Protein chains: 2
Amino acid sequence: MTQTQEQELEQDLDLVAVFKALGHPTRLAILGWLKDPESFPPQDQPAGEVGVCLKHIQARAEVSQSTASQFMAILQRAGLVTCTRIGQWSHYSRNERAIEALGQKVTLSI
Amino acid sequence: MTQTQEQELEQDLDLVAVFKALGHPTRLAILGWLKDPESFPPQDQPAGEVGVCLKHIQARAEVSQSTASQFMAILQRAGLVTCTRIGQWSHYSRNERAIEALGQKVTLSI
DNA sequence: GCACACCATCGGTAAATACCGATATTGCGA
DNA sequence: TCGCAATATCGGTATTTACCGATGGTGTGC
């Protein structure tokens, strides 16, 4: 488990950063797409286990490589996704615990 | 019931607009403050019933009158607050049903 | 009617975000 | 080692957002 994951599970979410990350139609859509990793094209490692490779996210979002990378970095810094690097690929998955915590927090403390 | 309230209760929340509205520290704080309307200075109409007058929100947020007005308009367009105009005062309250619906939506469909 | 208070909107500038192409970094296979 | 593929980061421009003061509309009391 990476430093970032650990932090996001222990420490509270920064709600403003989370809302900023979600306040963009493409980023919000990406988070939705990641609920069904198998819907992406096949890749060396199974998407259901390690996450979806950036290339596939970029292709579906129809943005440049750098924009896709930045989108995922924003989602990751907000704690909403995690990144598993295997070889030259960065695989992204939803951080379900953080997303569940967000739902709780919206319901209880917004 | 106003047109806007009706719309926001019937029709689905625009999640991106909601997240944009909440992706600002002051606006997020205002929404929290409105949970305790009585904590604001007294006003002609009881804040618990009609909402908090803009002047008081402006004072606590320490922004200009125009900025305060715009903040509340953004929250209102996102459906998170409602506005009750009485005489020359605009009173703002949390739209608890919309906020609850947001919690549901975050939990179920994000 | 007039003066005043409250608020929304206009018009502007400053700051932040979006987005891209180019470049740097890293891993892999020949 | 070299070249290539995947990704992160840099440097720039365009767009959006933040924020204010000024202005305008509306209600209230004199």
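To find a chain, count down the sequence lines: A is the first, B the second, and so on, and within it residues start at 1. These figures come from a predicted structure and were not determined experimentally. Computed from heavy atoms alone, side chains included, the values below leave out hydrogens, waters and symmetry copies.
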Scan B/Thr67 against the nucleic acid and name what it touches under 4.0 Å (heavy atoms): base, sugar-phosphate only, or nothing. base
For a quick test of reading the model, state the closest non-hydrogen atom pair linking A/Cys53 to A/Trp89 and the distance between them. SG-CD1, 3.9 Å
Is there a donor and acceptor pair closer than 3.5 Å between the side chain of B/Gln65 and the base of C/dA8? yes
Taking any heavy-atom pair under 4.0 Å as a contact, classify B/Ser69: base, sugar-phosphate, or nothing. base
Is B/Ile74 close to B/Met72 at the side-chain level, that is, under 4.5 Å between some pair of heavy atoms? no
Of B/Gln58 and A/Gly87, the one whose nearest nucleotide on DNA chain C sits closer to the 5' end is B/Gln58
Taking the side chain as every heavy atom from C-beta outward, state whether B/Leu22 and B/Leu102 have any atom pair closer than 4.5 Å. yes
Look at the side-chain N and O atoms of A/His24 and state whether any lies under 4.0 Å from the OP1 or OP2 oxygen of C/dC19. yes
Interatomic distance, A/Lys20 NZ vs D/dT16 P [rounded to whole Å]: 18 Å
Please tell me which of the listed nucleotides, C/dC28, D/dT7, D/dT28, lies nearest to the side chain of A/Ser90? D/dT7
Between C1' on C/dT9 and CG on B/Leu54, what's the gap in Å once rounded to a whole number? 13 Å
For atom CD of B/Glu62 and atom C1' of D/dC19, their distance in whole Å: 15 Å
Atom CD of B/Gln88 and atom P of C/dC4 are separated, to the nearest Å, by 14 Å
With a 4.5 Å cut-off on side-chain heavy atoms, are B/Ile110 and B/Leu15 touching? yes
Could you tell me whether the phosphate oxygens of D/dT7, OP1 or OP2, come under 4.0 Å of any side-chain nitrogen or oxygen in A/Lys55? no
Below the 4.0 Å mark, does C/dA18 have OP1 or OP2 next to a side-chain nitrogen or oxygen of A/Arg27? yes
Rounded to whole Å, how long is the line connecting atom CZ of B/Phe19 with atom C1' of D/dT16? 20 Å
Establish, with yes or no, whether the OP1 or OP2 oxygen of C/dA8 is under 4.0 angstrom from a side-chain nitrogen or oxygen of B/Tyr92. yes
From D/dG21, D/dA8, C/dC19, pick the nucleotide closest to the side chain of B/Ser64? D/dG21
Listed nucleotide nearest any side-chain atom of A/Gln70, set C/dC7, C/dC19, D/dC19: C/dC19
Between the side chains of B/Gln43 and B/His56, is a donor N or O closer than 3.5 angstrom to an acceptor N or O? yes
To the nearest angstrom, the CE-C1' distance between A/Met72 and D/dT9 comes to 17 Å
Determine: side-chain N/O of A/Ser66 to OP1/OP2 of D/dA8, distance under 4.0 Å, yes or no. no
Spacing of A/Leu28 atom CG relative to C/dA18 atom P, expressed in whole Å: 13 Å
Nearest to the side chain of B/Trp89, which nucleotide is it out of D/dT9, C/dC28, C/dC6? C/dC6
Quickly work out the B/Asp44 CG to C/dC6 C1' distance and round it to whole Å. 12 Å
